[in-house]
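Input: a single structure, listed below in structure tokens.
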2 protein chains.
Amino acid sequence: MSGLADVRTDNDSPKRLAVLEAAGRLFVTHGYGAVSMDVIAREAGVSKATLYAHFASKDRLFATIITEACHQGVAAATQLAAAEAGTDIRAVLTGLGGRVLRFLLAPRTLAIHRVVIAEVARFPELGAVFYENGPGRSRGQFTAWLQRQTAIGRLAAADPDLAADQFLGMLRGNLYHRALLGIGPPATQDEIDSAAVATVDTFLRAYSAA
Amino acid sequence: MSGLADVRTDNDSPKRLAVLEAAGRLFVTHGYGAVSMDVIAREAGVSKATLYAHFASKDRLFATIITEACHQGVAAATQLAAAEAGTDIRAVLTGLGGRVLRFLLAPRTLAIHRVVIAEVARFPELGAVFYENGPGRSRGQFTAWLQRQTAIGRLAAADPDLAADQFLGMLRGNLYHRALLGIGPPATQDEIDSAAVATVDTFLRAYSAA
DNA sequence: GTCTATAGAAGGATAGAC
DNA sequence: GTCTATCCTTCTATAGAC
């Protein structure tokens, strides 16, 4: 794959957008290998020639899809972080945890994670690009937040990176693990909230300032 | 895919084993879609006709590979659990954590996890079969162990399932997450040991009997 | 930019000889 | 069981007209 990080998105012709929409839906649902350019063209309502007029190759099209998905993930993460303010650490963490977990367990998020993990072997740089633009950035913001809370004496996270990893690891826990494997019915809101509460509970026992 | 859970392995002709070896290596390295039956036959040193004499289809061959990989995972997990005994909870947990994490981060383990996650969309039953035979069984054994330790007063894990998920979630943390995405160099022994120590540290602050 | 039609290659699976 | 040779489908990508 050439130029994964250098994908233009300034062109917004209707046909191009239709291709992006169809390809995005198909790729994240069925994976890279199982989706043909014929099917994408048909679903988008354009001819293959038009498709290739906008995207030089299947690789490039895939790169564009994943890059845009990353940016959406960043936007979501930023929203999450910005929405959290308040003095009750437990309430803030629980709210944040619930929102993050809901995002991680959303069918679209899971599908994107699956397809990225799937194609790491084929496109080695894909994993890093995805991580830096998505989960890594969220983690960075969370780490900074933990550090600020520690600085003002509301938490005792001497190693904010480690604390962030442990919090997020516990949060993902079994729900995310099983969801990634497509096991069982989707998690209910109660399960998600309960997992967030339990995570915060354990986390605060280790990192509470008091 | 038909009969994922019902794969015979009683035939051990040399050619058949050569096919299994080559296909296993190729599938976990490059994924299902990127490996052709031609390449498998060539790598195994047999003709395609011979390949199809032993495996009815590419699907069936893939199912056999993954099923056998699951059984290896179960064997590894059982070994891990059996090896742990002792009275110093912290030492036992740290040893166990380090071994589990080393197993999870092994290139072959990561490759299998990647290919299973990748093909969940194509083979819906694959995720459940893999989980039940691999990670789920390990988790069950760990849960039972936590429960016993709680019963004899060495731990205070009122909800052993939850405690197991939190322990394993923290243990995977960022190392497994990044490794699955193929980011950066493989984790060093020091990083693994350090992650295990940190996980046990946080875990025991929440679930210590004292 | 957009289409129809097709080239050229590769894939899964099989026929028939031994 | 094993091989060589091949069929048929599907795939990516492009040529050429409008």
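So that the names make sense, note that chain A is the first sequence line, chain B the second, and so on, each numbered from 1.
Within residues 47-57 of chain B, the residues having any heavy atom closer than 4.0 Å to DNA chain C are, in order of number, K48(B), A49(B), Y52(B), S57(B).
Ion pairing of D193(B) with R102(B) is present here, as a side-chain N (NZ or NE/NH1/NH2) and a carboxylate O approach within less than 4.0 Å.
In this structure, CZ of R16(A) is placed 12 Å from P of dT2(C), rounded to the nearest angstrom. Atom CE of M37(B) is separated from atom P of dC7(D) by 20 Å (rounded to the nearest Å). The distance between atom CZ of F62(A) and atom C1' of dC11(D), rounded to the nearest whole Å, is 17 Å. Rounded to whole Å, the distance from CG on L17(B) to P on dT2(D) is 11 Å. To the nearest angstrom, C1' of dA10(C) lies 13 Å from NZ of K58(A). Computed from coordinates, the I40(A) CD1 to dA13(D) P distance equals 11 Å when rounded to whole Å. Taking atom OH on Y32(B) and atom P on dG11(C), their separation rounds to 13 Å, with Å as the unit. Distance D59(B) CG to dG11(C) P: 16 Å, rounded to the nearest Å.
Comparing P14(B) and D38(B) by the nucleotide of DNA chain D that holds the closest heavy atom to each, the one mapping nearer the 5' end is P14(B).
Residues M37(A) and I40(A) meet the side-chain proximity criterion, which asks for heavy atoms closer than 4.5 Å. Counting heavy atoms from C-beta outward, R122(B) and D59(B) have side chains that stay 4.5 Å or more apart.
Here F123(A) and F62(A) bring their ring centres to under 6.0 angstrom of each other.
The residue V35(B) sits close only to the backbone: its heavy atoms come under 4.0 Å of sugar-phosphate atoms, none of a base.
The local environment of NE2 in H177(B) is crowded, with over 12 non-hydrogen atoms from other residues, nucleotides or ligands closer than 6.0 Å.
Aromatic ring pairs are classed by plane angle as parallel below 30°, tilted from 30° to 60° and perpendicular above 60°; the pair F142(A) and W145(A) is parallel.
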